[in-house]
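Following: one structure in structure tokens, then a few remarks.
Note that the coordinates shown come from a computational prediction; the quantities given were computed from them, not determined experimentally.
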Amino acid sequence: MSELVESIRERYLMTLDRITSAAKKAGRDPESVKLVVVTKAQPVEVVRAAIEAGVIILGENYAEEGVMKLQSLHEFSAVEWHMIGHVQSRKAQLVAGNFNFLHSLDSLKLASRLDRFCREAGRTLPVLLEFNVGGEDSKGGWSAWDEAGWQELADELSAVIALPNLKVRGLMAMPPLGATPEFSRPYFQKLRRLQDYLAAQFPQADISELSMGTSFDYETAVEEGATFVRVGTAIVGPREDKTEVE
């Protein structure tokens, strides 16, 4: 085992241990939480090392970069590739044809294009609905910071859920970045309340997944119900692109 693989494996296992502790603290089954290791802006050799270290779910933010990596590492067929960043409409075909899961579905327009390309490819894509729970202009997703406006989401979300080639599985959010992990807690709680609200509005849909929490605050997210956490720098180290912490 190379030094790089060994160091990533050590941090990966430590992160899993901390997820287990956070889940037990909250009275949850640790097996209900899945760890997405974010490898955006990391070179292929680092991604390969992560896979050899035991990582089974990888998260990418950019469609073309992610497709290049998954094609370069096609021999690792058991690995899941999750798209977690904003998807431009013109990149919908790349995502529909190559990724196993999309965490960041943020509009009916994008959903319609993904559904069309999935139909043409003969596949169904599991997706999470992204919501903006902090009211930041820089964040994508359906507006959900004002709970009084949630009922206005119903028509558009109903149309997304009805698309036959997308499988809505839950919700995703990226809270504002605060000074401590506790700063994120109210935003995680808001996303979970929204999950409960939408589950009541759409009982025919399975929206049991919650993707929230990064290297900075994933333990808090697990305590508040996360079923996916997205951790990058704490496992694979820093990258050149540091605009967002995962």
Start with the C-alpha gap between E60 and K40, add the side-chain angles, then the distance that decides, and say whether salt bridge (charged side-chain N to carboxylate O under 4.0 Å, His left out) holds.
CA-CA 5 Å; E60 288 288 334; K40 73 174 181 179; over 6 Å; no

Using 0.5 Å steps for rounding, measure from the CZ atom of R48 to the CD atom of E45.
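One gets 9.5 Å once the value is rounded to the nearest 0.5 Å.
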
From CZ (R9) to CE (M14), nearest 0.5 Å:
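Atom-to-atom, R9:CZ and M14:CE are 14.0 Å apart.
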
Quick check: do [X] and [Y] have side-chain heavy atoms less than 4.5 Å from each other?
{"X": "Y187", "Y": "M212", "answer": "no"}
{"X": "K190", "Y": "F131", "answer": "no"}
{"X": "L210", "Y": "F228", "answer": "no"}
{"X": "L108", "Y": "S112", "answer": "yes"}

If the test is side chain to side chain contact (heavy atoms under 4.5 Å, CB included), which one of V36, I51, V38 qualifies with L58?
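One option only clears the test, and that one is I51.
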
Is it true that [X] and [Y] have a side-chain N and a carboxylate O under 4.0 angstrom from each other?
{"X": "R192", "Y": "E224", "answer": "no"}
{"X": "E209", "Y": "K34", "answer": "yes"}
{"X": "E182", "Y": "R185", "answer": "yes"}

Give a yes-or-no answer on whether the side chains of E130 and S104 include a donor-acceptor pair shorter than 3.5 Å.
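The criterion, which ignores hydrogens and geometry beyond distance, is not satisfied for S104 and E130.
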
Any donor-acceptor N or O pair under 3.5 Å, side chains S208, R169
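Short answer, no.
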
Worked check of side-chain contact (heavy atoms from CB on, under 4.5 Å) between I84 and F101:
CA-CA 8 Å; I84 63 173; F101 213 111; over 6 Å; no

Compare every heavy atom of S143 with every heavy atom of L153, then report the nearest pair and how far apart it is.
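Where L153 meets S143 most closely, the heavy atoms are CD2-O, 3.8 Å.
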
Closer than 3.5 angstrom, by distance alone: can the side chain of R28 be matched with the main-chain N or O of A23 as a donor-acceptor pair?
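Not at all, since once roles are kept as given, no pair shorter than 3.5 Å links the two residues.
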
Result block: side-chain N/O donor-acceptor pairs under 3.5 angstrom for residues 76-83, not counting sequence neighbours:
{"from": "E80", "atom 1": "OE1", "to": "H82", "atom 2": "NE2", "distance (Å)": "2.8"}
{"from": "H82", "atom 1": "ND1", "to": "H103", "atom 2": "NE2", "distance (Å)": "2.8"}

